[in-house]
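Inspection log for the structure reproduced underneath, given as C-alpha cells.
Here the structure is a predicted model, which is why all the values come from computation and not from measurement.
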Amino acid sequence: MVDTGRRLAEAIGEDFESVRFAAEHKLAVTLPGLRTLKMEGDGKEYTAYLTEEEVPGAEEEEPSLEYLASLAGFYNARYAFEKIKFEKIRIPVGQFRAFVRIQEGRINRNVVATIIEDPTEKHHLTNGDTNGHIKSDPLTLTIEQAYQVAEAFSQLHANCLPETNNEIRETVDENYTLISKFLSENFYENVNYFLETLLEKHGNFFKNTDGTFEKFSALYKDTESLQSAMPDTGILPKVLCHGNLCMENLEFDSKGNLISIKNWENVHYGSVAEDLAFLMITSLPAKQRRNNYLKIFRHYFYTLVDIRSLKFKLSDLKAFYKVFFKYAIFFSMSALTNLVNSADFSHDVKSAAVARWEEAVNEAYDLETGAFISDDESPLTAQNS
C-alpha cells in the first residue's frame with residue numbers, strides 16, 4: 001500500500017509524507033473489488049478509485065465475475081470522468097486528474113487508479129443545511145436539491161443526444177453486461193439475508209412487516225434477474241446514466257449548491273428517466289415524491305428542450321417512472337441493509353430510509369397488480385407541490 005500511496009501522491013504533484021489518506025466507507029457498495037481512497041494535500045482534496053488488473057500475459061486462474069465486474073466498473077467510470085472533462089460537460093463530478101497503473105509487488109496483478117480532484121469547498125449535508133443548522137437526516141433529499149440534480153443531468157444527457165453508436169459506447173455496454181450479471185447474482189445470493197435483516201432484525205422500523213414481506217415476495221417471484229426488472233426504455237433514448245443516483249452520492253456546499261456527484265462505477269447507457277426516477281424513489285419522502293415527481297421531471301425536460309430537439313414527450317418520462325419501482329426497490333436493498341446495520345446513523349435517519357423503501361414496495365405492488373390509483377394528471381399541467 002505504501003508503493004501505491006507514493007505513486008498516487010506523485011500523480012497529483014504532492015510529496016507522499018505530506019498527503020493524508022483515508023479509506024471511504026460507502027453504504028451502497030455495488031462492486032466490492034473497487035476501492036475508494038480519500039486524499040488530502042496542500043489544501044486540496046482528491047478521490048482515488050482503485051482496483052486490481054491482471055498483468056498482460058500472466059498465467060492465472062479463471063478470473064472471478066466479481067473481479068471482471070469491478071474492472072469493468074472502473075473503466076466505465078474512468079470513461080465517464082474523461083468524457084465529462086474533455087467535452088466540458090457542465091455537471092459537477094470533480095476534475096479528472098490522472099490515470100495511474102502501479103505494480104505492488106505481485107507477479108500477476110497491477111493496481112490501477114483514477115484520481116479526481118474534489119471541489120474546493122466541501123460541505124456535505126451530514127453537517128448542515130443551507131441555513132447553517134444541523135441537518136438531522138443526510139440521506140433525505142429536498143425538492144430544491146432535486147431540481148438542481150435534474151438540471152445537472154439535463155446537461156449531461158444533452159451531450160449524449162442524438163444517440164450515436166461507436167466503439168467506445170459498445171465497450172461501455174459490454175462492460176455493463178458484466179456489472180449487471182454480477183449485481184444480479186449478488187442480489188439473488190443475498191436477498192434472504194436482506195429480508196431477514198430488514199424485516200426481522202430491524203422490523204421495528206416498519207409499519208407492516210408481514211404486508212411488506214407479502215408484497216415484496218409477489219414482486220420477487222416473477223423476476224428472473226435483477227436486470228430483468230429494469231423496464232424497457234421504449235421510445236426514450238439511452239444516455240449516460242450514473243446508475244446509483246441517491247443522496248449518499250451527492251454533495252452540497254454551505255449555500256446548498258450541488259457541487260459533487262460521486263461514485264460512478266455503475267455508469268452505463270440507459271433511459272433518460274432512470275437516474276431521476278431512482279433518486280426520487282430512494283431519497284425523497286413518499287408524500288413529497290408523489291406530490292412533486294411530475295414537476296421535477298418537467299424541470300428536467302424543459303431544461304433539456306432548451307438545449308436539444310427531443311423525439312420523446314414528458315409523458316414518456318412519467319410512464320417509465322411508474323414501471324421503474326420494482327427495479328429501484330431491489331437495487332436499493334443492499335444499501336438499506338447496510339444502513340440499518342450501521343452505528344453511524346441515528347434511529348430517525350434509519351426510520352426515514354425504511355419508510356421510503358416500504359412505501360416504494362407498496363407502490364410497486366399496486367402498480368404491478370393494477371391496484372394503483374392513477375392521478376391521470378398531465379405532466380404539462382401538474383400543479384402539485
Side-chain angles (χ1 to χ4, degrees), residues 1 3-5 7-8 11-12 21-39 45-55 60 62-85 93-94 96-104 106 108-118 171-187 189-190 226-227 240-246 248-251 260-270 275 278 331-335 337-339 342:
M1 181 60 197
D3 289 342
T4 298
R7 286 295 307 279
L8 293 176
I12 60 174
F21 297 89
E24 183 175 50
H25 301 287
K26 300 183 291 186
L27 293 174
V29 180
T30 54
L31 299 173
L34 189 60
R35 295 174 287 157
T36 305
L37 191 66
K38 305 298 291 186
M39 304 161 58
E45 295 183 21
Y46 305 86
T47 301
Y49 300 91
L50 306 93
T51 194
E52 291 187 339
E53 181 180 51
E54 290 182 5
V55 174
E60 190 170 327
E62 185 72 20
S64 68
L65 180 58
E66 179 182 319
Y67 163 78
L68 293 174
S70 296
L71 195 61
F74 173 87
Y75 278 107
N76 275 5
R78 177 190 170 189
Y79 160 73
F81 289 133
E82 290 184 329
K83 177 181 176 68
I84 289 168
K85 176 181 178 179
V93 299
F96 175 81
R97 283 292 301 268
F99 167 75
V100 186
R101 182 173 279 112
I102 306 162
Q103 186 170 355
E104 276 198 318
R106 295 183 61 183
N108 55 359
R109 290 279 177 93
N110 287 332
V111 172
V112 286
T114 296
I115 304 174
I116 305 299
E117 183 176 333
D118 295 331
T171 300
V172 172
D173 289 341
E174 290 171 2
N175 285 345
Y176 189 62
T177 298
L178 290 170
I179 296 167
S180 296
K181 184 177 180 181
F182 171 76
L183 294 176
S184 286
E185 290 190 6
N186 189 61
F187 173 71
E189 287 174 3
N190 290 285
L226 176 63
Q227 201 57 29
L240 204 62
C241 295
H242 181 279
N244 189 17
L245 191 63
C246 56
E248 185 194 7
N249 289 329
L250 301 175
E251 290 189 348
S260 183
I261 303 168
K262 309 183 298 178
N263 300 320
W264 288 75
E265 63 268 22
N266 203 41
V267 65
H268 61 280
Y269 281 93
D275 279 334
F278 188 79
F331 188 89
S332 59
M333 280 188 82
S334 175
T337 301
N338 290 337
L339 171 63
S342 174

NZ of K181: more than 12 outside heavy atoms within 6.0 angstrom?
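Result for NZ/K181: open.
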Find out whether T4 and L50 are in side-chain contact, i.e. whether some heavy atom of one side chain is under 4.5 Å from a heavy atom of the other.
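A side-chain contact exists here, since the closest heavy-atom pair is under 4.5 Å.
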Partners passing side-chain hydrogen bond (donor to acceptor under 3.5 Å, both in side chains) against [X] (at least two apart in sequence or in another chain):
{"X": "K26", "result": "E265"}
{"X": "E66", "result": "none"}
{"X": "N263", "result": "N249"}

Test your reading of the model: is there a side-chain donor-acceptor pair from D275 to the backbone of H242, 3.5 Å cut-off?
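Looks like yes, one N/O pair under 3.5 Å.
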F99 six-ring centre to R78 NZ/CZ under 6.0 Å and within 45° of normal:
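Pair R78/F99 counts as cation-pi.
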I'd like to check the salt bridge (Lys or Arg N to Asp or Glu O under 4.0 Å) partners of E174; sequence neighbours left out, ordered by chain and number.
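For E174 there are no salt bridge (Lys or Arg N to Asp or Glu O under 4.0 Å) partners, ignoring immediate neighbours.
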Reference residue Y49; test ring-ring contact (aromatic ring centres under 6.0 Å, His included); the match among W264, F96, F81, Y75:
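The ring-ring contact (aromatic ring centres under 6.0 Å, His included) with Y49 is passed solely by F81 among W264, F96, F81, Y75.
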Sequence-distant partners of Y46, ring-ring contact (aromatic ring centres under 6.0 Å, His included), two or more places apart:
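Partners of Y46 by the ring-ring contact (aromatic ring centres under 6.0 Å, His included) criterion come out as none, since no residue qualifies.
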Test ring-ring contact (aromatic ring centres under 6.0 Å, His included) applied to F331 - qualifying residues, sequence neighbours left out
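Only F278, Y327 meet the ring-ring contact (aromatic ring centres under 6.0 Å, His included) criterion with F331.
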Could you label the plane-to-plane angle of the Y79 and Y269 rings as parallel, tilted or perpendicular, counting under 30° as parallel and over 60° as perpendicular?
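Tilted, since the angle between the ring planes falls between 30° and 60°.
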